[in-house]
Each structure stands twice: as C-alpha cells, then as structure tokens.
Amino acid sequence: MTPLLSPRHPWRLQFSEIPLPATLPRESDVVHVSMGLGMAALDAMIDFENRVGPLLCCITHRRLLVPVDSGTASLWRASHSVCDTGLALRCSRQGTPSMCHDRFWVMPPEPRAYPTTDAMAFHHRLSLARAQMRDSSRLGHRPHAIGGSDLPSAFTVQHDPFLAPPEHPQRVSAAKSFVGI
C-alpha cells in the first residue's frame, strides 16, 4: 500500500487547520492539486532550493491546497491543477462547502520555509511530475525523483537558470502552459 504522503524531506506538521501559519499572507491565491502529484513537485522544488511555503493537506479529498502569491489565479493555465483567487481554503470549488474531516497544515523543513510557494516554479515542477508519472506508467515502473534519469534524453537540458543550479542537469516539459509570471 502506498502512503498518502511520502515526501523525501522532513516536513513539519501542524495537526489542525487552526491557527493558520503565522507567515501566511492574507492576500494569496490557492492551487488545488492531488496529493501524489503535489508532493512530488514540492519535494523537487526543495531539492532545487525553490521557494516553498505552507500547504493545507485534506485527507478526506486527497488534495493539497497550496497558497501562492496573489494574482496567480488569473495567469494559471494547467490541466494538472486549478488555482483559485483569494485565500479561501475549501476543497470544494462550488458554492457548497465540502465535508472535510481530516485537514492539517504541512510546513517545509527549516530553513527553507517561505510565506507562499513560488507559483512559476510550482507550475513547472507539477508539469514535470505529471509527465514523468505518465511516462513511468506507460513503461510499467515507478517514477524516480522529478528530474531523475528515466526521462527520454530529448528532454534533458544542462542548465535552466531559473529553476536549477548548473551542477544539476534537469528535465523540462515539452509543453509549458504557465504564462505571465
């Protein structure tokens, strides 16, 4: 059986929704993403020292709610996740509140904790994680760390100045859907 959360880094847990993390800004947008895809992307962001903030984990719906900078929702274009305007931390995107029973805050390991997650890097890492999971399922094996060696060599770049230090080769998605940030 695969655990719900299986990160590679020592995340800090707050076993309740309240209080909100002290560093969380009041003006934020929220990305909704599945747990497996979201944790794979966030772990890769920590590996590459991208900005990662707190996230709300809903066990009932197996979703992560990831606060990002305000204004991201109008620019977010993705099939792997959805970004809502404002810091409304509800799992249901319709008007009716959903019945969430088990939700808690997860904070990145110190000293890498930030008020919000870098939206552009998160979108990029989600795209990479999704492509790798899709490719791995077609090949019939489990994915390695995002940016691992099981992606086709056509997707290898030696240096992405925004997302990776030059000493780490990195994989990039053939199609980027994030615009504007």
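What you see below is based on every heavy atom in this structure, not just the backbone, and it leaves out hydrogens, waters and symmetry mates. Just so we're clear, the structure is a prediction, and the values are computed from it rather than from any experiment. This chain uses plain numbering: 1 for the first residue, then up along the sequence.
Using a 3.5 Å distance cut-off with no hydrogens or angles, the side chains of D84 and W76 do not pair a donor with an acceptor.
Annotation for S28 and P25: closest pair OG-O, 3.3 Å, computed over non-hydrogen atoms. Residues V52 and P108 approach most closely at O-CG, 3.1 Å, considering heavy atoms. Across every non-hydrogen atom of P19 and Q14, the tightest pair is O-NE2, 2.6 Å. Contact detail for L20 and W105: the closest heavy-atom pair is CD2-CZ2, 3.5 Å. Of all heavy-atom pairs spanning P67 and P54, the tightest one is CD-O, 3.1 Å.
Using modelled atom types, no side-chain atom of R125 and backbone atom of L42 make a donor-acceptor pair closer than 3.5 Å. Not a single donor-acceptor pair under 3.5 Å links the side chain of H80 to the backbone N or O of A131. Side-chain atoms of T117 do not come within 3.5 Å of backbone N or O of V68 as any donor-acceptor pair.
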Requested in this report: Give the intermediate values and the outcome of side-chain contact (heavy atoms from CB on, under 4.5 Å) for residues F122 and T72.
Outcome: CA-CA 11 Å; F122 188 41; T72 300; over 6 Å; no
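Remark: S34 pairs with L37, R63 by the side chain to side chain contact (heavy atoms under 4.5 Å, CB included) rule, at least two apart or across chains. Here E17 pairs with L56, R103 under the side chain to side chain contact (heavy atoms under 4.5 Å, CB included) rule; sequence neighbours left out.
Separating the CG atom in L13 from the CE atom in M107 is a distance of 7.5 Å, to the nearest 0.5 Å. With values rounded to the nearest 0.5 angstrom, R130 atom CZ is found 3.5 Å from S79 atom OG. In this structure, L128 CG and M45 CE are separated by 11.5 Å, a value rounded to the nearest 0.5 Å. How far SG of C57 is from CE of M39: 8.0 Å, rounded to the nearest 0.5 Å.
Connection of F104 to L24 is not established within any shared hydrophobic cluster, with ILVMFWY side chains joined at heavy-atom distances below 4.5 Å, either directly or through further cluster members. Both V106 and F15 sit in one connected hydrophobic cluster of ILVMFWY residues. Membership requires side-chain heavy atoms under 4.5 Å apart, directly or through other members. Cluster annotation: M35 is connected to V66 through the hydrophobic network of ILVMFWY side chains, with a link wherever side-chain heavy atoms come within less than 4.5 Å. Both W11 and I59 are assigned to one and the same hydrophobic cluster, defined by single-linkage of ILVMFWY side chains at heavy-atom distances under 4.5 Å.
Of the residues V31, L87, V30, the one that meets the side-chain contact (heavy atoms from CB on, under 4.5 Å) test with L65 is V30.
Using a 4.5 Å heavy-atom threshold, the side chains of D69 and R51 count as touching.
Legend: salt bridge (Lys or Arg N to Asp or Glu O under 4.0 Å) pairs involving residues 20-34, not counting sequence neighbours: none detected.
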